[in-house]
Colleague: 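Following this message is one structure expressed as structure tokens.
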Amino acid sequence: MELCFATNNQHKLDEVSNRLGHTFSLRTLQDIGCTDELPETSGTISGNSRQKADYVWTHFGMSCFADDSGLEVDALNGEPGVDSAFYSGHRDSEQNIQKVLRNLSDKTNRKARFITVFTLVLHGLNAVLVEHQFEGIIEGQILTEPRGTGGFGYDPIFMPDGYDRTFAEMSMDEKGAISHRALALAKMIAYLKEQAN
Ligand code: ITT
């Protein structure tokens, strides 16, 4: 089965293809000739995830999945949340990180989590359209300064619970074994295998 991953984020693409077994063949937006900016205007992570997958299904007729994700910081009332990509006003990880650190500078509660919601739109048997969502969450802490050079986005300031390294100090395999994205992907793969039986 061929599935398009509806993302323009090369890091997400690398992480997912690195974890993928033989459940399906991954196609990129480039592969299907989609150069459009995907809509993300719903105001929620699950809504944006659905919008992105629906866009590819509607305009390209391809079974696909999308990932919308974000960092939720308790002491910032869940910010940056759905605004994670543009938290500083720019799609700039360094500036986004600095804004989180600035806003947390007088806070002792550093608890945070990465959340992702995958939306799968599947052209099923008898042309029935199946749409499912799969959530992945990983809990952790925000450090006081960035550490590491791997990963992307907020990885240099996020240390998952039970580890003494940030996501940016882990290899792609290590992050890929425990991350929010890996958890959602595992749920989606289990669902796809169930459908195949
Ligand atoms: P697509 O919409 O094209 O998939 P995007 O980068 O715009 O790519 P999102 O809308 O889901 O993705 O934005 C999520 C932002 O949250 C992303 O740009 C990062 O800043 C951050 N983020 C998401 N997952 C992350 C991860 O695993 N590690 C670090 N930061 C992450």
Side-chain angles (χ1 to χ4, degrees), residues 3-19 26-32 34-56 64-73 76 78-101 112-121 133-143 146-160 163 165-185:
L3 268 187
C4 175
F5 185 7
T7 183
N8 283 307
N9 183 322
Q10 186 62 42
H11 297 282
K12 290 182 181 180
L13 204 51
D14 292 344
E15 288 186 5
V16 167
S17 53
N18 189 50
R19 293 295 295 173
L26 195 66
R27 295 286 172 264
T28 64
L29 289 176
Q30 203 182 356
D31 291 337
I32 65 166
C34 174
T35 52
D36 309 347
E37 187 71 26
L38 302 177
E40 303 188 48
T41 55
S42 76
T44 65
I45 287 179
S46 66
N48 283 358
S49 175
R50 176 163 284 130
Q51 274 186 314
K52 290 188 261 192
D54 283 350
Y55 185 89
V56 169
C64 63
F65 65 99
D67 156 323
D68 199 71
S69 39
L71 177 70
E72 283 188 3
V73 181
L76 303 180
E79 286 183 9
V82 71
D83 296 323
S84 290
F86 287 92
Y87 191 45
S88 60
H90 309 276
R91 190 185 272 283
D92 182 314
S93 296
E94 181 56 38
Q95 290 186 45
N96 291 341
I97 283 176
Q98 289 310 323
K99 183 169 178 185
V100 169
L101 293 181
R113 66 202 55 78
F114 273 122
I115 296 186
T116 188
V117 176
F118 276 28
T119 301
L120 172 69
V121 177
Q133 291 199 312
F134 308 90
E135 188 179 65
I137 298 179
I138 179 152
E139 300 284 343
Q141 301 282 327
I142 302 297
L143 302 188
R147 273 175 29 188
T149 54
F152 71 101
Y154 299 91
D155 281 348
I157 55 170
F158 182 82
M159 191 156 75
Y163 293 82
R165 283 167 302 142
T166 66
F167 269 167
E169 293 175 304
M170 296 183 181
S171 67
M172 195 188 293
D173 282 343
E174 286 177 289
K175 179 186 172 189
I178 59 172
S179 77
H180 49 307
R181 188 159 296 105
L183 293 168
L185 181 64

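Please read these numbers as outputs of a predicted model, since none were measured by experiment. As the structure lists them, so they are numbered: ligands from 1, and atoms in each ligand from 1.
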Colleague: List ligand 1 atoms under 4.0 Å from Asp68, heavy atoms only on the residue side.
Modeller: 9 (P), 10 (O), 11 (O)
Colleague: With under 30° as parallel and over 60° as perpendicular, where do the rings of Phe167 and Phe158 fit, or are they tilted in between?
Modeller: tilted
Colleague: Once the angle between the rings of His180 and Phe114 is folded into 0 to 90°, is it parallel (under 30°), tilted (30 to 60°) or perpendicular (over 60°)?
Modeller: parallel
Colleague: My understanding is that we take every heavy atom of each candidate and find the minimum distance to atom 11 (O) of ligand 1. Doing that for Glu40, Arg181, Lys12, which one comes out nearest?
Modeller: Lys12
Colleague: Side chains of Arg181 and Ser69: do they bring a donor and an acceptor to under 3.5 Å?
Modeller: yes
Colleague: For Thr7, take its heavy atoms, then give the atoms of ligand 1 lying under 4.0 Å from any of them.
Modeller: 1 (P), 3 (O), 4 (O), 8 (O)
Colleague: How are the rings of His11 and Phe152 set to each other: parallel, tilted or perpendicular (split at 30° and 60°)?
Modeller: parallel
Colleague: Drop me the distance from Leu38's CG to Leu29's CG, to the nearest 0.5 angstrom.
Modeller: 5.5 Å
Colleague: Any chance you could measure Met159, atom CE, to Glu139, atom CD, to the nearest 0.5 Å?
Modeller: 14.0 Å
Colleague: Counting distance only, does the side-chain N/O of Ser179 pair as donor-acceptor with the main-chain N or O of Gly176 below 3.5 Å?
Modeller: no
Colleague: What do you reckon, does His11 put a non-hydrogen atom under 4.0 Å from ligand 1?
Modeller: no
Colleague: Going by distance alone, is a donor N or O of one side chain under 3.5 Å from an acceptor N or O of the other, for Thr116 and Glu135?
Modeller: no
Colleague: Between the candidates Phe86, Tyr87, Tyr154, which shows the shortest non-hydrogen contact distance to atom 30 (N) of ligand 1?
Modeller: Tyr154
Colleague: Hey, what do you get for CG (Asn9) to CG (Asp14), rounding to the nearest 0.5 Å?
Modeller: 9.0 Å
Colleague: To the nearest 0.5 Å, how far apart are OG in Ser93 and CD in Gln98?
Modeller: 11.5 Å
Colleague: Among all protein heavy atoms, pick out the one at the shortest distance from atom 3 (O) of ligand 1; state its residue, atom name and that distance to 0.1 Å.
Modeller: Asn8 N, 2.8 Å
Colleague: Could you pull out, from Asn9, Thr116, Leu13, Asp67, the option with a heavy atom nearest to atom 6 (O) of ligand 1?
Modeller: Asn9
Colleague: Which residue from Gly81, Ala168, Ser69 reaches closest to atom 14 (C) of ligand 1 through any of its heavy atoms?
Modeller: Ser69
Colleague: What are the atoms of ligand 1, with element, lying closer than 4.0 Å to any heavy atom of Arg91?
Modeller: 5 (P), 6 (O), 7 (O)
Colleague: Quick one: look up the protein heavy atom nearest atom 16 (O) of ligand 1 and list residue, atom name and how far away it is.
Modeller: Ser84 CB, 3.3 Å
Colleague: Pull out every atom of ligand 1 sitting under 4.0 Å from any heavy atom of Gly153, numbered as shown with elements.
Modeller: 20 (O), 29 (C), 30 (N)
Colleague: Among protein heavy atoms, which sits nearest to atom 2 (O) of ligand 1, and what does the distance come to when rounded to 0.1 Å?
Modeller: Lys52 NZ, 2.6 Å
Colleague: Within this structure, what is the CD-CD distance for the pair Glu40 and Gln51, rounded to the nearest 0.5 Å?
Modeller: 8.0 Å
Colleague: Tell me the protein heavy atom at minimum distance from atom 28 (N) of ligand 1, and give that distance in Å.
Modeller: Asp155 OD1, 2.6 Å
Colleague: Quick one: which ligand 1 atoms are inside 4.0 Å of a heavy atom on Lys175?
Modeller: 26 (C), 27 (O), 28 (N)
Colleague: Kindly compute the distance separating CD (Glu15) from OG1 (Thr7), expressed to the nearest 0.5 Å.
Modeller: 10.5 Å
Colleague: Which one holds for Phe114 and ligand 1: side chain close, backbone close, both close, or neither close, with close meaning a heavy atom under 4.0 Å?
Modeller: side chain
Colleague: I want to confirm something. Looking only at heavy atoms, which of Phe5, Phe158, Phe152 is nearest to atom 29 (C) of ligand 1?
Modeller: Phe152
Colleague: Does Asn96, backbone or side chain, put an N or O under 3.5 Å from an N or O of ligand 1?
Modeller: no
Colleague: Suppose I only count heavy atoms of His180 and a 4.0 Å limit; which atoms of ligand 1 are within that range?
Modeller: 24 (N), 25 (C), 26 (C), 27 (O)
Colleague: Are any of the N/O atoms on Ser93, whether in the backbone or the side chain, positioned under 3.5 angstrom from an N/O atom of ligand 1?
Modeller: no
